[in-house]
Amino acid sequence: MTTFHLPATDRTPEVAFDFAGHHLRLSGESYPEDAASFYAPVFAALDEYLRRLDGGGACRFDIELIYFNSSSAKILMILLERLDRAAGRGAAIDIYWHYEEDDDTMEELGGEFGEDVEHARFHLVRMAPTDGG
Amino acid sequence: MIGRDLYDLRTRLRRNGIVLCYSGSMNEAVLSGIGQALKQKMAVDRAGIGIARRVFGVFVEQMQNMIRYSAERQPALPPAGTRDLRYGVIAIGQGDGGFVVEAGNLVRRADVPELRRHLEQIRDRDRRELLALYKRQLRAGLADPGSEAGVGFIEIARRASRPIEFGFVEVDEQFFFFTLRAEIRSVEPLQP
């Protein structure tokens, strides 16, 4: 698989995994009715890709979510763990946690989640201001 | 006279600063629809991004708590997999100081003491402690999905500007009416 893509909906984020370019991205909002079933295929694709990175690949993962609910927060925690574990096996992984200016709830959470990342490099990035949409 | 009762209700809601109110059957589609209207309302009112995200975050957790846990429910008809209808009330107030998101639903008498204890613990924590507790509960939920109950309440408390408020009103032998209220203050007064 060279790419995995899901378009954004009102309640689910855009998933844009460019495996060939080693650039993976989640953006938009995440409060699905059933977070576990929405993310199951996303993790299936990700896990397969991360296995191929073992022993020395590199990738960049951007988390650009402007809003997610508590069920999705649990999913993000799993995501960070998977990425960190892959980094522990030798891949060079950069995780970018983007938050909107003025959204200190997201900034704080990024800081808190980032503390548990040991092997990957975790970056907190402030997004450019938007129209509030 | 037809319409009088409804007009009185509307007047009472207005007087209390309630800009949006829904009482009745709830499911995920209701959450989506009201959520879109709420977002649009805050955009039109030019509420800042920080406050809009907080209000919306509290609204979603309040709705999902009712959809999952309200003790007032009607079983779904086939096809299998359709969820039960749950009943609850959500009200959003808006004033110079910001927003209030209040939700109410029935809970079983037997569940009241533990729910109250849990909410008291959340209410009495500061921001830093809430964040640590949030992460701890999420992590506990990874190992044992049953133990993550209440993580939505922590999310609400994290996004609220003041400690959450809650109450239990006795309805009958079986049920209490549970209310949870979160206030989100704007730093500067909202534009009219």
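Here is the naming used below: chain letters follow the sequence lines, and residue numbers restart at 1 for every chain.
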Are [Y] and [X] linked, directly or through intermediate hydrophobic residues, by side-chain heavy-atom contacts shorter than 4.5 Å (ILVMFWY only)?
X	Y	value
B/Phe178	B/Val112	yes
B/Phe99	B/Leu20	yes
B/Val100	B/Val55	no
A/Phe43	A/Ile95	yes
B/Leu115	B/Leu106	no

Closest heavy-atom contact between [X] and [Y]?
X	Y	result
A/Ser71	B/Arg68	OG-NH1, 3.6 Å
B/Arg159	A/Phe68	NH2-O, 4.0 Å
B/Tyr134	A/Ser70	OH-CA, 3.5 Å
A/Lys74	B/Gly141	NZ-O, 3.6 Å

- Task: Among B/Leu31, B/Asn27, B/Ile67, single out the residue with the greatest number of heavy-atom pairs under 4.5 Å to chain A.
- Result: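 Looking at each option in turn, the highest pair count goes to B/Leu31.
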- Message: Please identify, among B/Arg54, B/Arg139, B/Gln64, the residue contributing the most non-hydrogen atom pairs under 4.5 Å to chain A.
- Response: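 The answer is B/Arg139.
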- Message: Checking A/Tyr31 against B/Met63 for the side-chain contact (heavy atoms from CB on, under 4.5 Å) test, could you report, in this order, the C-alpha distance in whole Å, the side-chain angles of both residues, the deciding distance, and whether it holds?
- Response: CA-CA 12 Å; A/Tyr31 54 113; B/Met63 290 292 288; over 6 Å; no
- pair A/Asn69-B/Glu61: side-chain heavy atoms closer than 4.5 Å: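 They are in contact (side-chain heavy atoms under 4.5 Å apart), so the answer is yes.
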- Over 12 non-hydrogen atoms of neighbours within 6.0 angstrom of CZ in A/Arg52: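 Counting neighbours around CZ of A/Arg52, more than 12 heavy atoms of other residues, nucleotides or ligands fall under 6.0 Å, so yes.
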- Message: Could you check whether atom CD of B/Gln40 has more than 12 heavy atoms from other residues, nucleotides or ligands sitting under 6.0 Å from it?
- Response: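 Check fails, neighbour count at 12 or below.
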- Euclidean distance, A/Leu76 CG relative to B/Leu138 CG, rounded to 0.5 Å: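 Output value for this atom pair is 9.5 Å.
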- Item | Distance in Å, A/Glu33 CD paired with B/Arg83 CZ, rounded so as to fall on 0.5 Å steps |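 These two atoms lie 5.0 Å from each other.
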- Task: Just do the side-chain contact (heavy atoms from CB on, under 4.5 Å) check on A/Met106 and B/Arg53 with the steps written out, would you?
- Result: CA-CA 10 Å; A/Met106 284 298 216; B/Arg53 301 274 185 256; over 6 Å; no
- Item | Toward chain A, the part of B/Glu155 with a non-hydrogen atom under 4.5 Å |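 The side chain, not the backbone.
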- Message: Sort by residue number and list every residue of residues 125-132 of chain B having at least one heavy atom under 4.5 Å from chain A.
- Response: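 So far as heavy atoms go, B/Arg127, B/Arg128, B/Leu131, B/Ala132 are the residues that approach chain A to under 4.5 Å.
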- Task: Taking heavy atoms only and a threshold strictly under 4.5 Å, list by residue number the residues of residues 82-93 of chain A that touch chain B; give 'none' if the list is empty.
- Result: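 Near chain B, by residue number: none.
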- Query: Can you check whether A/Thr105's main-chain N or O pairs, donor with acceptor, with B/Arg158's side chain at less than 3.5 Å?
  - Reply: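 Side chain of B/Arg158 to backbone of A/Thr105, a donor-acceptor pair under 3.5 Å: yes, one is there.
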